[in-house]
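Notes for the one structure printed next.
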Amino acid sequence: MCADSKNMMTPKVRTLVALALAFIGLVNLSPAAAEGKGRAILARKILIAARPGPAVLDNGVILISGSRIEAVGPQSKVKIPEGYEILDAGDNWVSPGFMDLHNHSASDLRSLNDMVYLTNPGLRAWAGAIPDTAGMRVALAAGVTSVLTIPGSGTNIGGQGVLQRTGFRGFEANLIRNPGSLKLAQAGNPERSQPWTPRRTFMNWNTRNTFRRGVAYAKRWEAFEAGEGEKPERDIQFDIYRSLVKGEAQVSTHTQIYQVVLMTVNMVAIEFGLPVFIDHGTFDGFRAAPQAQAAGVNAILGPRAIQDHRAGFVDTDGKIMGVAASYQERGHTTIGFNTDSPVIPQEELPLQAAMGVRYGFDNSKMDAIRGLTIVPALTVGLQADQGSVEVGKYADLIVTKGDPIDPRSSVEWVIQHGQTVYSTQSERRRW
Amino acid sequence: MVVVATTLLALAASAQDPGTPGGPGLALFAAKALVAELDGRQVVDNALILVKDGQIEAIAARSEIEVPTGYTLRDLGSQWVMPGLVDLHTHVSGSGINDTVFQINSGLRVAPTTVPANRNLKRALAAGVTTVLYIPGSGSNMGGQGILMKTGFPEYERALVRDPGSLKIAQGDNPTRWGYGMGRLLMNFHLRTVIEQGLAYAQAWDEFEAGEGDKPERELRLDIFRELAAHRTQVSTHTQYFQLVMMSILMLARDYDLDVYIDHGSFDSYLNSDIAVENNVAAILGPREVMWPNPPRYRTDGQVHGSAWGFQQAGHPMIGFNTDAPVVPLEELPLQAAMGARYGMDNSAMQAVRGLTIVPATVAGISDRLGSLEAGKDADLVILSGDPADPRTSIEQVYLEGETVYDTARDRRRW
Amino acid sequence: MLIPLLLAWTPSPVPQEAPDLPDLYAIKASVLETGTGEVIEHAVLLVEGGKVITVGEDLVVERGIPVYELDPDQVVIPGLVNAYTRVGMTGSGQSGARPWQRASDELYPAAGDYSGVRETGVTTLGHYPSGNGIPGRCVVVRPKGSTASAMTIKDDAYLKVIMGSSKSAKDALSGGFKKADTWIAKEKKNKEKWDKAKEKFDKEKDKEKKAKLDPGPYKPLADDPSAASFMQLRDGSLKALISVRTAGDYLHLIDAIGEEEFTWDLRVVMTRDMNIYHVIEKVAKSGRRVVLEPEISLHPGTMRQRNLPAEFARAGTPVVLVPRSDSVAGFKAWRRHVGEIVASGLDRSTAMRAITLEPAALLGVDDQVGSLEAGKQANFVILSGDPFEPGTQVDAVILDGVLVSGEVNL
Amino acid sequence: MHIQTNTNGRTLILAVLLPIFLSLCAPAFSQDEKKEQEEPQTEEETDEWFALQGGDIYTGTGAVLRGATVLSKNGTIDEIGYDLFIPEGAEVLDVSGYRVYPGLVAIESRGLFGGSSDLANSVDPFSKNMTLALAAGVTTARSGSEVAKLRAGHIDGLVLNSGILPRLSYSKSSPSGKRTLREKFEAASQYLRDYAQWQIDKKSDKELKEPSKKGIDSSILRYLRGEARPLFSASQRTDLLEIARLAQRFGFRPIIDGCQEGWIVADELGRAGASAILTARDRSSKGEQLVRAGGSSIENAAILHRAGVSVTIIPSSAGISLGGIVGRDLMHLTVEAGYAVRGGLSEKAALDSITIEPARLMGVSQRVGSIEVGKDADMIITDGDVLHYQTFVQWAVVAGEVVYDKQAELYFAHIRPRPEAALSPEERLDAGETPEEEIVEEAGDSDSPGEGNEEGDGEDHDEDDGDGGSRP
């Protein structure tokens, strides 16, 4: 603000503020304030969902100090320090909070698509982001504790997504990373929405050209920062590519049928060498699973979970194929699930995994729960902070009546950064 | 000699009025003076206000100071005195303020459209509104530059307080009507593009003036950013919803370090109050004073939430009010504060009065001249029958720089 | 004793007006298929007056009888019978039940198609009337003759019925029989009335009175044409060819027939995803013929090929094959298409029977045509080779003993 | 051991048969029923026996008979129990290690029967959708005003009842409509009073003539006499309340379709003896101008059930959808019921809500909806807890005949082929699986739970823990 208002927060005012904050209890709804007393959570079954690492721990205890996990182990071994608040989940199960890498609904839903240009790498979903809408409150009550909110697929490059938590109030409290990703939609929707009906070959050329320029821009900066070459002119249209090249953000791709998924792998991952993941991958996309696996392109699948015999797609010989199962059969090992909320209500993310399993996804090693937690975390490079119940990670935990992907298993408790952000004991069940 | 004197008197005839520049001093006795300092005195009972050369010379309890000799005394009896009201969101000082050829019009200025002391302003004056920020409309993303002006002077030069008074930015809604399938994301991108350019331009000039680098080419479109970069003016944002207000705060204030304040933040904007506090972004509210029962994304469980209340909840200390005249008539500015208080704002510490005076004056960077009854500030005084926020209160007199520009004893009551 | 005749073979040029064959002649062929499934080598076929006198292996031909010795590659087969065609017909049908309607009423001998038909070796046609519901009755013709009667071999060969999974379709059939019942009841009453009157008349002695009482000869009730048709179905003087599309249709057909007993065969309309295979066993048990195209279809929802004609045949159902497309071009491709499903599993002799004797039986003219046996019409085709080989040409077509296409040299 | 459980099994059956048969409302139905049941007999000369052996039989009445046998004769269940005598030539299906449940009943369906209305004459008994519905466990479904069995491969013995669920409208959207309906009810109940009075008076005064039926809505008379129940579509609190009041005032039991805000007025609905047809996951936010509770709640089914409202569950889409977005159509009826459990409904009530409850509403509970002697042999055989998302129907039996066999159909044979799927559900990651609850439930309505069951739930405990421990 101007000279005068710079000191608008005089000490007096500041204390006032602090008081006020304390009163209305917004404090417990911001991660900053999480520090302080420790907690211990005991449960009959804890889904560790580590990768690599164990899947389950029976009769375990989780120690939380501040916002992070301090220790995990069998109740017999782990000693609970003095003064720790003990939450006994009893026969309930504890698992890591779910993460959805294809979300639109943590926003005003009016800022999804800007239809003026085909490629808009400079746009930011941030400008429309609302992490804790009424709908997302329900999602939180279903255990969805973090989402990647991305622009729509009305154009080839919709803009930059933003990674948000869902447990707290306001944007900053919930911000995980911005930019979270660059949203790429190769085909399927963009051709519909343009009055001049571009087709896939042109869209691909145009997208590819944008990527080429973006990567070149990023390289120029790299060179400059390495002391070679002079300072490039700042271009916010292409800044995102600096993050991509550094691996600080990924390309989240609306990509579906075989040839399009193949192009995602060949163009984005192999030709441009950018971190990218499949963010639909449905219909006969699974036919490109081996290539995706080879190129290290993770498959975040949904919301379509099955594929039957359809002209133009694939001959399933009458079988009704599970999409996730089909990736798995073809050797893909890093498979997650998404909802494309609001296409599927955000709170039904776990159902996506359940349906994956129903239609043949091998869950004997408990990869379904991983597909909702550690896999998405790995996919966007957050595995150090979240995605599994391991020491040092944020205490983003959900307590369910049973198998967390079973629709019958209600969520009783949601803990984010060590704080209870939802509990059916203190309020009517939202979901 | 005498002749000279008489001629002098004749010449100064107008300037004879006490309190005005060149005139004798003026001493006002009032039952109550709403001082409205930013951090300090709020009220003085049985106050004595000394006015000299259009400025406030001193203000204190009658018991505390003597009236210097030669001063004209006026006893206002049971009436109150308060600083002139300031409205930072008005469009009624002229016409032709919505150019929608381009989305970004950082170069446009409202100055050439101004009609000082027009009918609207006169009525506003009669309501105690002495200073307004006259800004472009929100038809485009960046409407242009507003001016700060006083409502009571017919001459532009005298009326003008500061040009540029602000840069007007409109982030959502209205500009989207502009067409081309443009949504908020692209508008946001356009804003960032021009701000980046502008700040770079400003920096280039600074470097040049510091003797480094060569003289940048002049660009009318971007000059305003030199003012902004130097914190000589502010960004006034048409911003309402949560995510727009969030952008005003985090992008404009935090990321680009512009002096920005929320202009008519409504709906669910107050949910940003904590980051507004963190980033020293003031909240000027109105004309929508309550959250609609059915807000776009949030649920209030049917409760009606006052915007001012909402910001106050998070302890926001800088809450002001505006009318967006002609959306709401300028003379109803005090009503905005009244409604803020009605819908839950704590008014125990005169928050309503502050929100009409010192708060807007401060965020507009003119609190050195206006916004409170402090020695050295312009003698823009409002003489009224009681609590300014109360619609029943009548305005009796308005002084502008010591000059009586409105007096119900002299003029027909306008409001 | 046999007089060997050397004959110089020359490939026939542009087919000119075929020279007539004598009334009595013999054909010597290295291979002859009778249509019954029997294949005769070194066959001799003796024809007189347009009929087959005898056919057999190495028969002695009396001196003086002209003998046409065919080229060793050439094969003789019976004239083909297409029991389900409208080639040459022009009428457009109505919907609803019109069981009295006759295809013979729209015969047009001058139709250009017939000459084309002859060249394809098809010597017998079953024409059905077009329309929906119950379009009417089929007429059997030879593709030759200047008048309808000259063409006609047999009328009222079958009654075409279209069955579907719908109340209206089912009622059309069952309702027809009900109509018949009510007509019979009425007629019965009518007769009884007359009998009473007659009785009274006979009893009466008084001459004048008797004159008044004379009921005259019995006048039966004017017959209701559609009721009549269903009575004919019952008494067997008329059979039905009922067409269905799906397995469900078949079940609804059986349901609609209920207790009624009459002769009927089945026409299966080939569609892309056919599910008729669900009832192949049921159909086989019923012992009905099935009429369908020599078509490879797909198992629903898959790319798996199904050879339904072969499946029907294997289940024991007599199969009648008709050209895929009902046009002269379709007739030309007919044998080739049958060849395809033979290649993919249909028994060869069943296939031959399915385009000759079986359709003849369906039309009720197997006593005259459909196979080369003594006493039957001398309808046969001389082919340049194996009937089901793609390259095989029609060298000559003989209809009622007369050469109607191509040529045969001494 | 066996014998003991066996007898247990029998007592259980008897214990539950009585109430069920008593609960058969509407004499109107029993006639239809006779008609229906004769049909099969007339067609079969020889009796057709079918034996389902060795499965754990979840009869749907609360009883669970482990490793028991269901014997059906001509499509009707003849005997249930242990060591039954299997007649010569009976078709026998060994389902040891699998579970047997009553076939599911869908109170709404689209496109299962191929045909339009008049199913008997238009059904396509080979339609893909019918097979897929059977694969989802549905053996009875309503189509329009008819309710019919999914007898794949047959067109007879199909329709169980018709003219069902007559609709009435009583909504604040049409005040005039409400008035007319109220008046109709007034008139009808007045007529009934007059008629009763006449019955008495005519004893004394022979001349007295019967009150005229003129202008009386005969269908409404049937509702008032309890011969049929009307169906209302209503979701908003106010409408629900109004309907409840109407029902209580005139004394009929309404069926309410939608019922989204039912959880708010559950007690009123309970008092009115209402039944609810709902989608457990229904999503709607309340009108914001209301300061009271409103909109949908995941607890809707549970709260209504607790208040004595019988609950029937149907997914948001009553058709078969292969578009790829799964979990919301009739292929996932059990998943929808699962969401009701999430909201607090008991497993038993959830199963009822897709079997016996809808059967009752459609007046066919004497034929389908549970596994009991005398009812149709319509059963599904699953590889686990029927409400578990991973469970697949292995065989579907309708009228004592296998009409669906997972391994014999193209669609799902490749998913966990049977040998593997023979795993008992306990070996799965599956906590929703709680047979104890069933036993508890059932202890309520029958005298003795029986050792067989207690034993059973003991096992489950062990294995459950065991499995947990054995996991990596």
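Sequence lines set the chain letters: A, B, ... in the order given, protein chains first and strands last, and positions in each chain run from 1.
For a residue to count as touching a neighbouring chain, one of its non-hydrogen atoms must lie under 4.5 Å from one of that chain's; by this rule C/K170 touches chain D with the side chain only. Heavy atoms closer than 4.5 Å to chain D are found nowhere in C/S168, neither backbone nor side chain.
In terms of heavy-atom pairs under 4.5 Å with chain C, the best-connected choice from D/N121, D/L410, D/V123 is D/N121. For the set C/S165, C/G164, C/A256, the count of heavy-atom pairs under 4.5 angstrom toward chain D peaks at C/S165. Annotation: maximal heavy-atom pairing with chain C below 4.5 Å, among D/D124, D/D118, D/I155, occurs at D/I155.
In terms of heavy-atom proximity, C/G248 sits nearest to D/P125 at CA-CD, 3.9 Å.
Listed for the D/H154 side chain is no donor-acceptor partner under 3.5 Å among the backbone atoms of C/L251.
Other residues, nucleotides and ligands contribute at most 12 non-hydrogen atoms within 6.0 Å of the CZ atom of C/R245.
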